[in-house]
Amino acid sequence: MDVTSRPRLGQRRRQRPMLACISCRRSKIRCDRQSPCGACVRSRHKTCVFETSGDPALRRSGTSPTTSDPSLRPADSQRRSDSDLGPVTPPSSTHTVRDHRHCHGQKNLSHAPPPLEPDATRPASPILDANGVLDSLFQLERRADESVTPQDSQENSNQRVSRCEDQLIESYLAADVHTMSRGVVSKTRYFGQSHWMNGIIHFKPILELFERQSLDAKTEAMTVLNKCKALGRSIKAQRSPGIVAKFGTNIPPRGVADQLVDAYLRTLETVFRTVHVPSFRRDYEQYWAAPDTVSMAFVIQLQLIMAIGCTIYDDFYSMRKSAVQWVTEAQYWLLSPPAKGKLTITGLQNMILLTIARETASVGGDLVWIHVGSLLRSAFYMGLHRDPSRLPKMSRLDAEIRRRIWNTVLELELMTATDSGGFPSISPDNSDTQPPADLNDTELMGEDELTDAEASGRCTDMSVALALRGSFRDRLAIYQMLNATPFRGTYVDTIRLHHRFTASFKTLKGKLKSYSSSERQPTAFQCRFVEALVRRCLLNLHLPYLGPGLKDPAFSFSRNQVTDSAVRMYHLLFPDFNVGSERPLVPSGTDELETLSTEGDDMARYAICAAGYWRIIGSQPIMIVLLELLLTTQDDESLGPPTVRPDLLNILRHSLTYYLTRIKAGETNVKGYLFTVALAVHVQAQMDGLTGPDVIEPVVNAAMRTEKLCLDLLKQQYESAETADASVGGEQFNWDSLMTGNDEWGDNAALGSFFDVSSVEAFLGNFDAMASPPLAAWNR
C-alpha cells in the first residue's frame, strides 16, 4: 500500500465539486442532476435545491447552504433581527416540511424550542437550530419514503393527503362551508386564519346534533327556527329606508344631536383620530344657526357621527332605524356624481366615518373591508402616503390632519382585514408619512413653534393613538403571516413573533400608565379599547395551534395563551360583571332571565348594541371559553364531579345574559344565543356525569325553550316597529295579513336557515337590511 499517497497531517484535502442536490446528497442516493431531479420527483418533494457554493464551513456549522434561488435561502431570512418589524416569510423549504408534519398530526413539532423569554446572553440563532432539527426530520422522512416500493409510497402519499383532506367539512354546514387547516371557504369567499369561523371545526359534535334535528323541516324545532329567521328578515326590511332621494332630512332636535355627537367624540374619535374637533364644532354651531349655509359634505359627516353615537345613546339602541338611514344616505352620497368632488379631506373623513358606522349600525358590516380598500386607494390617490413636508407648503393644521387621517386609514385597514380573514394590503415601505405630532387639537390652530408633548410626558388628544401606533408593525407582521397564501409560518416563527409582540405590548401599557401622574389621563374607554384590540392580536397569533394544543402537550403554551387572552378580553368588555356561583348555569324558566345594564359604560354598550368588530370581540372569547369547558369536563379522570375553572363558568353564565340582551337591543339572528345555550347545557350535563345519548335530550329541550323565547322577543321587536310606523303612516299591522309559507321550507332551505354560517351576521347575527321573503304565520 502506497502510504505516500495519503494526505499528511495538516495538509488540506481537495474539495470535490458537489453536483448532486442537497436532498440526494444527504440521503446518499444517486442524483441525475435535473431540476428537479428524478429522486425528488418520485418522492413528491418540492425542495430539490442545488448548492452553488462548496464552502465546507457551511456544512460544519449546520446552517443551510446558499441556493441559487433567493426565495430558498433560509439563512438570509433567519439573519433578520427582532428589530426588523416587517412581515414574516419563512423559507419555502421549511414550509414544505411543516406541511408534512401537519399531515402527520403535528407530532414532530414537539422538538420546537420552549416559549421562554429571550435572554441577551444566549446566542441569537434559535431558528437555525430549529431548522437543523427540521432538516433531520425531513431526511428521515425521505429515507422512510424511499425504503418502500413505489406502490407503497403512493399509498403513503395518499394517506397523508387524506389526513389533510379530513379537515374539509361539508355535510353539517349545508354543503357550502369547507373548513380547512389554514382557512375556510364559504360560498364565494375565502377566510384566512384570523377569521373567527376557523374555530367552528372544534364544535363539530354539537353541530352534527343540530343537523340531525334539521333533516326534517316539519319538526317543531325547525318550524320555530324558520319562523325566527323569516321574522328577523321582516324586521330588517322595516329598518331599511329604501331608495334615498334627499339627504339631511332626518336630523333630530338639538338636545338629542348634542348627546349623539358627544358620544362619538368621547369614545372612538379619541383612538381613531378623524376630525379636527374645534373645526367640527365651529361648523356644527353654524349648521344650527343657518342650516342652508353649510355644505352637504358636512351634513353627511354630521349624520355619520350621530349614527355612531346612536349605538351608545341608551341600553337598547332605540335610534337604530335613524342610524341605518344616515348610513344609507352616506353610501348614496359617495356614489353620487361628481366622483372627483369626493376626493377631499372631508370626503376621506366621511369614508372613515362610514367604515365605523357600517359596523356599529349593522349595515353590511361583514363586507366593510371592500369599502376600506376604496378608502385606502383614495388616500394614496390624494398623496396621504407622502409626508406633508415633501409636498407643496401647507398650514400646520392641514399637515397634521393629513398625518392623522393616514394613521387612521392604516389602523382600519388592518382591523377590517383581520375581521375578514384577509391579507392586509399595506406595507410600512409604501409610505414616508411621519407619525402625527403629539399635540392637542387647539394647538394646531396657530403657526407658533410648539414642543412635542412626547418629551414633556403630558397626555394630549393624540397620545393614545400614538401609543397604539407603536405596536402597529408587530400586529401587521402577525396578520400578514397568519393570512398569507400559502402559509409559510412555523411554530418557531409564532414563538418569535410572540416575544416581539409582548415586548411592544409592555411598551404600550407602560406608555399609558406613565400618564397616571399627569394632569390629564387616558379615559377608561381608551385603555380598555386599546388593550382589547391588542390582546385579540395575541389570541389570533396562537389560535392556529389551539387544535393541536388540545391533543399534543407540545402546543400547551399556545392553548393557554388563547384561553387566557379570551378571558382577559371578556373582562375588558364587562369588567364589573359578577355572577354568583349559586346561580344555575342555564336558567330553566323565563322568570330567571336577566338583561345587562350598561349605564355609564360605553365599552359595554358598544359590545351589546354594535356589530362587526364589536360582536366578534364578544362572541369569539365565549366560543373559546365554551371549548375549554367542554374539553375539561370530557378529559377529567377524577372519580368525582369534574373540576373546572370557576372564572370560565362565570363567563359562560354571563354570556347567556349578554346574548339575550343583544336580542332585546335589536339583534335579529338568534343562532348565536341558541348555539351558546346548547353548549352550556352540554357542559352542565357532563358536569352532572351524563355521557353519550343521555346528553342529547337536555340539549334538545333547552334549544326548544330558547327558540320559543327568541320568537317572542322578535315578535316584540316587530310589533314595536310596526306601532311606530303606524303612528306616522296611520296604518296598523295585522298578524293575519302576513303570508303563510311554512310549507315552502324544503330540506335544503331548512339546512340553510340554521347552518348558513358564511359570515358573522349569519351565525351570530345579520347585518344587512334585506327584503323580507314570504313569511310564516308566527302564531300558527
Side-chain angles (χ1 to χ4, degrees), residues 235-270 274-275 277-334 346 349-350 352-363 365 598-602 605-606 608-611 614 664-666 717 720-730 769:
I235 294 172
K236 287 178 288 184
Q238 288 178 331
R239 298 172 182 167
S240 176
I243 299 177
V244 177
K246 193 174 182 181
F247 304 137
T249 60
N250 190 32
I251 303 297
R254 175 68 186 267
V256 177
D258 289 345
Q259 295 183 52
L260 300 180
V261 170
D262 180 69
Y264 166 75
L265 294 180
R266 73 170 183 263
T267 55
L268 293 180
E269 174 61 31
T270 62
T274 305
V275 300
V277 178
S279 300
F280 172 79
R281 290 197 178 277
R282 180 196 61 209
D283 296 339
Y284 182 68
E285 294 295 334
Q286 181 181 353
Y287 171 80
W288 288 108
D292 296 335
T293 60
V294 298
S295 64
M296 183 54 64
F298 175 79
V299 174
I300 297 297
Q301 185 175 107
L302 173 60
Q303 291 188 151
L304 288 172
I305 288 177
M306 291 191 299
I308 301 172
C310 287
T311 313
I312 56 176
Y313 178 69
D314 52 23
D315 283 344
F316 298 108
Y317 207 166
S318 60
M319 297 189 67
R320 182 189 292 268
K321 187 172 183 179
S322 296
V324 172
Q325 177 175 348
W326 292 331
V327 172
T328 306
E329 289 185 16
Q331 291 177 311
Y332 274 85
W333 177 80
L334 278 176
T346 304
Q349 291 172 333
N350 289 349
I352 292 174
L353 294 171
L354 179 60
T355 301
I356 301 173
R358 284 182 61 179
E359 290 201 326
T360 58
S362 304
V363 182
T598 57
E599 183 67 30
D601 192 342
D602 294 333
R605 279 192 177 175
Y606 273 118
I608 290 175
C609 299
W614 298 99
K664 290 189 175 182
Q717 284 192 47
S720 61
E722 285 285 351
T723 302
D725 292 342
S727 63
V728 177

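When reading the values below, keep in mind they use all heavy atoms of this one structure, side chains included, and skip hydrogens, waters and symmetry mates.
Between the side chains of T293 and Q286, at least one donor-acceptor pair of N or O atoms lies under 3.5 Å.
Atom CD1 of I356 is separated from atom CD of E269 by 8.0 Å, given to the nearest 0.5 angstrom. Here the CZ-CG distance, from R281 to D283, works out to 12.0 Å after rounding to the nearest 0.5 Å. Rounding to the nearest 0.5 Å gives a distance of 10.0 Å between CD1 of I352 and CD of Q301. Rounding to the nearest 0.5 Å gives a distance of 11.0 Å between CG of L268 and CD1 of I305.
Of the charged side-chain nitrogens involved, none lies within less than 4.0 Å of a carboxylate oxygen, so that K246 and E329 do not count as a salt-bridged pair. A salt bridge is absent between R605 and D601; no separation between the charged side-chain nitrogens and carboxylate oxygens falls under 4.0 Å.
Side chains of L260 and C310 form a contact here, defined as non-hydrogen atoms less than 4.5 Å apart. Side-chain contact between Y313 and V256 is present, with heavy atoms from C-beta onward closer than 4.5 Å. Looking at heavy atoms from C-beta onward, S322 lies in side-chain contact with N250 at the 4.5 angstrom threshold. Here the side chains of I251 and M306 are in contact, with some heavy-atom distance below 4.5 Å. Put simply, the side chain of L302 reaches to within 4.5 Å of the side chain of V261, judged on heavy atoms. Looking at heavy atoms from C-beta onward, C609 lies out of side-chain contact with I312 at the 4.5 angstrom threshold. By the 4.5 Å heavy-atom criterion applied to side chains, K236 and S362 are not counted as neighbours.
Nearest heavy-atom pair, P252 versus W326, reported as atom, atom and distance to 0.1 Å: CD-CZ2, 3.6 Å. Considering all non-hydrogen atoms of both residues, V324 and A361 come closest at CG2-O, 3.8 Å. Summarising the geometry of Q717 relative to R239, their closest heavy-atom pair is OE1-NH2, 3.1 Å, with the distance given to 0.1 Å. Here the closest heavy-atom approach between residue A307 and residue Y317 is recorded as O-OH, 4.1 Å.
In this structure, the side chain of R320 engages the main chain of A665 through a donor-acceptor pair within 3.5 Å. R358 contributes no side-chain N or O that, together with a main-chain N or O of G365, makes up a donor-acceptor pair within less than 3.5 Å.
Ring geometry for F280 versus Y284: interplanar angle under 30°, hence parallel rather than tilted (30 to 60°). Using a 30° and 60° split on the angle between ring planes, Y287 and F298 fall in the tilted class, from 30° to 60°.
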Pair Q259, D262 - check side chain to side chain contact (heavy atoms under 4.5 Å, CB included), show working.
CA-CA 5 Å; Q259 295 183 52; D262 180 69; 5.9 Å; no
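Residue Y606 forms a side chain to side chain donor-acceptor pair (under 3.5 Å) with just one option from T311, T360, T267, and that option is T267. The only member of N350, L354, L334, L353 that meets side-chain contact (heavy atoms from CB on, under 4.5 Å) when paired with I300 is N350.
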